[in-house]
Colleague: 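Sharing a structure with you now.
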Amino acid sequence: MAQRYVRVKYRQGQIFYGLLQLNRSVAVFDAPPWMGGQLTTLELEPDTYQFLSPCLPSKIVAVGKNYRAHAAEMGGSVPEEPLLFLKPPTTVIADGQSIFYPPQSERVDYEGELALIIGETAKNCTIAQARSKIWGYTVANDVTARDLQRKDSQWTRAKGFDSFCPLGPWIVRELSIGAKLMTFLNGEVEPRQSAYLSDMVFAPDVLVSYISQVMTLLPGDVILTGTPEGIGPMAIGDTVRVEIEGIGVLENPVIAGESLPPVVTKNISETIVTEDQIP
């Protein structure tokens with residue numbers, strides 16, 4: 001089993017990066033591992049923490065129409081170059097947290113995706129250089145208010161509501177390009193989406209290289225690599241589950257969005273921890 005890198009909230013409120021053990025304890029790093037964090041002597045016992053999103057990116061760069069069949073179902077062709085858009089960091093939620101269905105929308109869709117985690121600053125990278133900039137991989141759901149996407153002349157509102165980027169449950173360092181991505185709704189046996197990562201038009205290293213020539217990518221930033229065909233609506237009360245072989249399962253319920261979740265902010269204990277931080 002691949003090592004699973006997590007970000008967790010301890011019962012006393014401290015936030016830590018760590019390595020999930022087979023017995024579900026968490027070995028704590030002194031900083032995010034992609035920032036050179038090293039394992040400490042601290043270990044969190046099972047049932048003393050909750051999973052958070054595995055990183056807090058400065059930005060989320062997403063790619064549209066990166067699977068041919070999805071481009072066709074959206075009524076278009078594959079772009080000649082990657083089609084980019086941004087999601088704000090406040091869209092990020094963790095596995096198990098709720099997707100808030102905004103009252104402004106009458107159709108909110110799931111979009112299961114592979115997410116890349118950037119490990120070091122990337123600017124004007126070649127494709128060969130870009131491979132080393134990818135630190136790891138996690139599961140994502142690029143939640144989209146489809147009616148607002150069609151209505152607006154750009155996608156910021158449709159893609160940018162708080163809670164519209166579930167990530168997790170953890171990060172792995174290695175992943176087979178032949179892995180399968182599947183999206184399920186309400187525990188159904190048959191997936192709504194099913195595709196191999198190898199079906200992408202633009203591979204992960206190509207995307208990192210292309211984006212790095214537009215904007216500087218920073219450690220911890222996230223790239224959403226696009227969704228396959230089979231997108232569809234979610235309703236309040238639904239639960240959506242995205243699975244990627246070799247990573248894990250990301251599952252989130254959908255609830256009414258009259259009251260939005262709190263804004264996520266960084267905590268100093270994410271970058272520096274000492275043994276006296278845990279009672």
Side-chain angles (χ1 to χ4, degrees), residues 1-7 34 53-55 57 59-71 73-74 78-79 82-87 91-95 99 109-119 122 127 130-144 159 164-184 191-212 217 220-232 240-252:
M1 178 181 292
Q3 290 187 315
R4 297 167 291 177
Y5 295 83
V6 297
R7 176 172 160 268
W34 49 87
S53 62
C55 62
K59 56 186 168 293
I60 303 153
V61 188
V63 180
K65 300 181 179 180
N66 199 26
Y67 289 79
R68 296 186 189 281
H70 172 60
E73 77 175 343
M74 293 296 290
V78 174
L83 175 62
L84 305 182
F85 59 93
L86 294 172
K87 294 173 81 83
T91 58
V92 173
I93 60 172
D95 174 52
I99 297 167
D109 284 8
Y110 54 80
E111 293 190 12
E113 307 199 8
L114 171 69
L116 314 178
I117 312 300
I118 298 300
I127 293 175
R131 295 188 187 105
S132 68
K133 306 297 184 181
I134 301 172
W135 193 87
Y137 309 88
T138 193
V139 186
N141 187 352
D142 176 22
V143 181
T144 304
K159 300 282 191 174
F164 268 28
C165 189
L167 286 177
W170 42 64
I171 298 168
V172 301
R173 299 294 312 275
E174 304 291 336
L175 185 67
S176 169
I177 195 64
K180 181 177 284 189
L181 181 157
M182 295 182 290
T183 304
F184 299 84
R192 299 294 182 101
Q193 293 181 289
S194 180
Y196 293 100
L197 301 181
S198 57
D199 293 338
M200 288 183 197
V201 177
F202 302 105
D205 51 359
V206 174
L207 295 176
V208 172
S209 173
Y210 183 86
I211 295 167
S212 78
L217 294 167
D221 280 351
V222 169
I223 296 175
L224 306 186
T225 58
T227 196
E229 69 173 326
I231 60 171
V240 61
R241 185 175 88 249
V242 184
E243 300 182 9
I244 299 180
E245 292 176 336
I247 303 180
V249 177
L250 174 68
E251 186 170 84
N252 301 89

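The residues of the chain are indexed from 1 along the displayed sequence. Quantities reported herein were computed from a predicted structural model and do not represent experimental measurements. The analysis underlying the following values was restricted to heavy atoms, covering all of them including side chains, and did not include hydrogens, waters or symmetry mates.
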Colleague: Check whether any side-chain heavy atom of Leu83 sits under 4.5 Å from a side-chain heavy atom of Val63, and report yes or no.
Modeller: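 Not touching, per the 4.5 Å side-chain cut-off.
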
Colleague: Compare all side-chain heavy atoms of Tyr137 with those of Leu116 and state whether any distance is below 4.5 angstrom.
Modeller: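 Touching, per the 4.5 Å side-chain cut-off.
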
Colleague: Within a reach of under 6.0 Å around CZ of Phe85, are more than 12 heavy atoms found that belong to other residues, nucleotides or ligands?
Modeller: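 Count over threshold, so yes.
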
Colleague: What pairs of donor and acceptor atoms, side-chain ones from residues 166-175 against any protein atom, are under 3.5 angstrom apart with sequence neighbours left out?
Modeller:
{"from": "Trp170", "atom 1": "NE1", "to": "Ile247", "atom 2": "O", "distance (Å)": "2.8"}
{"from": "Arg173", "atom 1": "NE", "to": "Trp135", "atom 2": "O", "distance (Å)": "2.5"}

Colleague: Let's go through Ile93 and Ile99 carefully: what are the C-alpha distance in whole Å and the side-chain angles of both, what is the deciding distance for side-chain contact (heavy atoms from CB on, under 4.5 Å) to 0.1 Å, and is it a yes or a no?
Modeller: CA-CA 8 Å; Ile93 60 172; Ile99 297 167; 4.0 Å; yes

Colleague: Could you pull out all residues at least two apart from Lys87 that satisfy salt bridge (charged side-chain N to carboxylate O under 4.0 Å, His left out)?
Modeller: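 Asp142.
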
Colleague: For Ser176, what residues pass the side-chain contact (heavy atoms from CB on, under 4.5 Å) criterion, not counting sequence neighbours?
Modeller: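 Result, side-chain contact (heavy atoms from CB on, under 4.5 Å) vs Ser176: none returned.
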
Colleague: Quick one: closest heavy-atom pair of Gly220 and Ile117, and the distance?
Modeller: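 For Gly220 and Ile117, the tightest heavy-atom pair comes out as CA-CG2, 4.4 Å.
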
Colleague: Checking Arg68 now: which residues fulfil side-chain hydrogen bond (donor to acceptor under 3.5 Å, both in side chains) with it, not counting sequence neighbours?
Modeller: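 Testing Arg68 for side-chain hydrogen bond (donor to acceptor under 3.5 Å, both in side chains), a comparison that skips the adjacent residues, returns none.
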
Colleague: Starting at CG of Leu197, measure out to CD1 of Ile177 and round the result to the nearest 0.5 Å.
Modeller: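 So the CG of Leu197 and the CD1 of Ile177 are separated by 5.5 Å.
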
Colleague: Do Arg7 and Ser53 have side chains that approach each other closer than 4.5 Å (heavy atoms only, starting at C-beta)?
Modeller: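 In short, these two side chains touch, coming nearer than 4.5 Å.
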
Colleague: Any side-chain heavy-atom pair from Val249 and Val242 closer than 4.5 angstrom?
Modeller: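 Not in contact.
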
Colleague: Residues two or more places apart in sequence or in another chain: which of them pass salt bridge (charged side-chain N to carboxylate O under 4.0 Å, His left out) with Asp109?
Modeller: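 For Asp109 the salt bridge (charged side-chain N to carboxylate O under 4.0 Å, His left out) partners, ignoring immediate neighbours, are Arg107, Arg146.
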
Colleague: With Ser209, which residues qualify under side-chain hydrogen bond (donor to acceptor under 3.5 Å, both in side chains), at least two apart?
Modeller: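 Counting only residues at least two positions away or on another chain, Ser209 forms a side-chain hydrogen bond (donor to acceptor under 3.5 Å, both in side chains) with Gln213.
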
Colleague: Under the rule for ring-ring contact (aromatic ring centres under 6.0 Å, His included), what residues qualify as partners of Tyr210, not counting sequence neighbours?
Modeller: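 So Tyr210 forms no ring-ring contact (aromatic ring centres under 6.0 Å, His included) with any residue.
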
Colleague: Would you please name every residue forming a side-chain hydrogen bond (donor to acceptor under 3.5 Å, both in side chains) with Tyr5, sequence neighbours left out?
Modeller: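 Once residues adjacent in sequence are excluded, the partners of Tyr5 under the side-chain hydrogen bond (donor to acceptor under 3.5 Å, both in side chains) criterion are Gln3.
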
Colleague: Nearest 0.5 Å please: distance from the OG atom of Ser194 over to the NZ atom of Lys180.
Modeller: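 Going from OG on Ser194 over to NZ on Lys180, the span is 4.0 Å.
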
Colleague: Just verifying a value: how many Å separate Tyr110 OH and Asn141 CG, rounded to the nearest 0.5 Å?
Modeller: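 Between atom OH of Tyr110 and atom CG of Asn141 there are 10.0 Å.
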
Colleague: I need the Ile231 CD1 to Glu111 CD distance, nearest 0.5 Å.
Modeller: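 Spacing of CD1 (Ile231) from CD (Glu111) equals 5.5 Å.
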
Colleague: With sequence neighbours left out, write down each residue that passes ring-ring contact (aromatic ring centres under 6.0 Å, His included) with Phe164, or none if nothing qualifies.
Modeller: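 ring-ring contact (aromatic ring centres under 6.0 Å, His included) check on Phe164 returns Phe161.
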
Colleague: Please list, one pair per line, the donor and acceptor atoms closer than 3.5 Å that link side chains of residues 221-230 to other protein atoms, with sequence neighbours excluded.
Modeller:
{"from": "Asp221", "atom 1": "OD1", "to": "Ser58", "atom 2": "N", "distance (Å)": "3.0"}
{"from": "Asp221", "atom 1": "OD1", "to": "Ser58", "atom 2": "OG", "distance (Å)": "2.6"}
{"from": "Asp221", "atom 1": "OD1", "to": "Lys59", "atom 2": "N", "distance (Å)": "3.3"}
{"from": "Asp221", "atom 1": "OD2", "to": "Ser58", "atom 2": "OG", "distance (Å)": "3.4"}
{"from": "Asp221", "atom 1": "OD2", "to": "Lys59", "atom 2": "NZ", "distance (Å)": "2.7"}
{"from": "Asp221", "atom 1": "OD2", "to": "Leu218", "atom 2": "N", "distance (Å)": "2.8"}
{"from": "Thr225", "atom 1": "OG1", "to": "Leu114", "atom 2": "O", "distance (Å)": "2.8"}
{"from": "Thr227", "atom 1": "OG1", "to": "Gly112", "atom 2": "N", "distance (Å)": "3.4"}
{"from": "Thr227", "atom 1": "OG1", "to": "Gly112", "atom 2": "O", "distance (Å)": "2.9"}
{"from": "Thr227", "atom 1": "OG1", "to": "Gln193", "atom 2": "NE2", "distance (Å)": "2.8"}

Colleague: Counting distance only, does the side-chain N/O of Asp205 pair as donor-acceptor with the main-chain N or O of Ala130 below 3.5 Å?
Modeller: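 No; zero donor-acceptor contacts below 3.5 Å.
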
Colleague: Looking only at atom types and distance, does a side-chain atom of Asn252 sit under 3.5 Å from a main-chain N or O of Ala94, one as donor and one as acceptor?
Modeller: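 Checked: pair present.
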
Colleague: What closest approach, in Å, do Val139 and Leu250 show between heavy atoms, and which atom pair accounts for it?
Modeller: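 In this case the closest contact between Val139 and Leu250 is O-CD2, 3.6 Å.
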
Colleague: Please identify each residue that fulfils salt bridge (charged side-chain N to carboxylate O under 4.0 Å, His left out) with Arg241, with sequence neighbours left out.
Modeller: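 Once residues adjacent in sequence are excluded, the partners of Arg241 under the salt bridge (charged side-chain N to carboxylate O under 4.0 Å, His left out) criterion are Glu243.
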
Colleague: Provide the closest heavy-atom pair for Ile60 versus Cys165 in the form atom of the first, atom of the second, distance.
Modeller: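 In terms of heavy atoms, the two residues are closest at CD1-SG, 4.2 Å.
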
Colleague: Name all residues meeting the side-chain hydrogen bond (donor to acceptor under 3.5 Å, both in side chains) criterion together with Arg192; count only those two or more places apart in sequence or in a different chain, and write none if there are none.
Modeller: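 Glu188.
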
